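Here the structure comes first, spelled out in structure tokens, and everything after it is commentary.
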Amino acid sequence: MRARLSVFIEYFRRCYLADSHDLSLSNIIRLPTNRRLFLEEQDYLSSGELPRIPLISPVAAKLAQLADTYRKERRLVYACFFVCGTLTTQGGFISRRTLCSPLLYFPARIYREDDYFAEINTTDIRINLPLLRLILKPDIDPVVMNTFPLPRLPMDASQVADMGRWLQKYSLLAEVEELVRWPNFQPGTLVQERMKTSQLGPVSAGALILADRSRGSRGVLHELGQLAQARNLPAPLQIALGGEPAQVIESNSEPEM
């Protein structure tokens, strides 16, 4: 029974590890340059034109090494459609926040066969929900995020147009027509320039990013790992997982009076 519960806990740990919604992606330009690699020319991966792409940049080797070394603390993703610029919010006071964040991303991996190559998990496309929530117009109910037209791979121009119409209607973004540039990519230098502008808008660009997991998620992963290796589990946890707690031997002795 204990072995079966350990398998359950390890399964939960791996599911949590695979979930990327806790990644820190609000401003990737803050990352060291060896943890981000902007891609050139076109979006060959999400368009389905190529199953993998060669990585010519010298950053590729270091990025692959870091992704392997810090697999528990960080996650390698392929990101596209960046939202860049300054987000201004008005509440009790005016606040400004600089964004350079992808709208969509996929789990990715880098491997070597003479040269370095990158490929993505084409069955696991993610919306950057924290970003989507930030860029909603202030009078829009966040429940509308459930209607965002998440594309299916291979992505095509009609699906990108659907995303553009949604953003035009519900978001604060300007110049949404930039999306029609896809599948062509803007260079990373332009992404950094757009980030410094006072206007918030999309950029058709793609990058491989080694993103940080949140500290909270790292703590959860550590605790699940410890539980999976523990010899004895707390009784409530054993019951929750469908097991039976260890029997407590009751004493029949009476205290001396």
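In what follows, every heavy atom counts, from backbone to side chain, and hydrogens, waters and symmetry copies are set aside. Being a predicted model, the structure only gives us computed values, none of them experimental. Position 1 is the first residue of the sequence; numbering continues from there.
When every heavy atom of Phe106 is checked against every heavy atom of Cys80, the shortest pair comes out as CE1-SG, 4.1 Å. Nearest approach of Ile110 to Ala64, heavy atoms of both residues: CG2-CB, 3.7 Å. Scanning all heavy atoms of the two residues, the minimum distance from Trp182 to Asp156 falls at CZ3-C, 3.6 Å. Of all non-hydrogen atoms in Thr98 and Asn27, the two that sit nearest each other are O-ND2, 3.8 Å. For the residue pair Ile209 and Ala79, the shortest heavy atom distance occurs at CD1-CB, 3.7 Å. Considering all non-hydrogen atoms of both residues, Ile28 and Leu25 come closest at CG2-O, 4.1 Å.
Atom CD1 of residue Ile120 and atom CG of residue Leu76 lie 11.5 Å apart, to the nearest 0.5 angstrom. Rounded to the nearest 0.5 Å, atoms OH (Tyr78) and CG (Leu37) are 11.0 Å apart. Between the CD atom in Glu175 and the CG atom in Leu200 there is a gap of 11.0 Å [rounded to 0.5 Å]. With rounding to the nearest 0.5 angstrom, the OG atom of Ser26 is 9.0 Å from the CG atom of Leu131. Residue Asn184 holds its CG atom at 5.0 Å from CD of Gln42, rounded to the nearest 0.5 Å. How far OH of Tyr70 is from CD of Gln65: 8.5 Å, rounded to the nearest 0.5 Å.
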In residues 185-197, what donor-acceptor pairs under 3.5 Å come from side-chain atoms, sequence neighbours left out?
unit_1, atom_1, unit_2, atom_2, d
Thr197, OG1, Arg194, O, 2.7
Thr197, OG1, Gln199, O, 3.1

Ignoring hydrogens and angles, write down the donor-acceptor pairs under 3.5 Å from the side chains of residues 144-152, residues two or more places apart or on other chains.
unit_1, atom_1, unit_2, atom_2, d
Asn146, ND2, Val143, O, 3.3
Thr147, OG1, Val144, O, 2.6
Thr147, OG1, Trp166, NE1, 3.0

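Looking only at side-chain heavy atoms (C-beta outward), Leu103 and Pro202 stay at 4.5 Å or farther from each other. By the 4.5 Å heavy-atom criterion applied to side chains, Leu172 and Thr88 are not counted as neighbours. Pro51 is not listed as a side-chain neighbour of Thr122, based on a closest heavy-atom distance of 4.5 Å or more. Residues Glu49 and Pro183 are not in side-chain contact: their nearest non-hydrogen atoms beyond the backbone lie 4.5 Å or more apart. Counting heavy atoms from C-beta on, the side chains of Arg97 and Leu134 come closer than 4.5 Å. Met155 has its side chain within reach of Asp43: a pair of non-hydrogen atoms, C-beta onward, lies under 4.5 Å apart. Under the 4.5 Å side-chain criterion, counting only non-hydrogen atoms from C-beta, Leu55 is in contact with Leu39. Val59 is not listed as a side-chain neighbour of Arg36, based on a closest heavy-atom distance of 4.5 Å or more.
Among residue pairs with one or both ends in residues 109-136, none qualify as ring-ring contact (aromatic ring centres under 6.0 Å, His included); sequence neighbours excluded.
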Any chance you could lay out the side chain to side chain contact (heavy atoms under 4.5 Å, CB included) test for Arg126 and Val77, step after step, and finish with the verdict? CA-CA 10 Å; Arg126 309 286 182 96; Val77 296; over 6 Å; no
Residue pair Leu179, Leu167: steps toward the side chain to side chain contact (heavy atoms under 4.5 Å, CB included) verdict: CA-CA 10 Å; Leu179 295 181; Leu167 292 169; 4.0 Å; yes
In sequence, state the C-alpha distance, the side-chain angles, and the governing distance for Leu31 and Leu210, and then conclude on side chain to side chain contact (heavy atoms under 4.5 Å, CB included). CA-CA 9 Å; Leu31 294 174; Leu210 187 58; over 6 Å; no
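Residue Asp139 qualifies as enclosed at atom CG: its count of foreign heavy atoms under 6.0 Å is above 12. For Lys169, the NZ atom counts as loosely surrounded, since its 6.0 Å shell holds 12 or fewer non-hydrogen atoms of other residues, nucleotides or ligands.
Side chain of Ser101 to backbone of Val83: no donor-acceptor contact under 3.5 angstrom is found. Judged by distance alone, the side chain of Arg213 and the main-chain N or O of Lys72 form a donor-acceptor pair under 3.5 Å. Judged purely by atom type and a 3.5 angstrom limit, Asn128 uses its side chain to pair as donor or acceptor with the backbone of Pro102.
By the rule that hydrophobic residues join a cluster once side-chain heavy atoms approach within less than 4.5 Å of another member, Val203 and Val180 end up as members of separate clusters.
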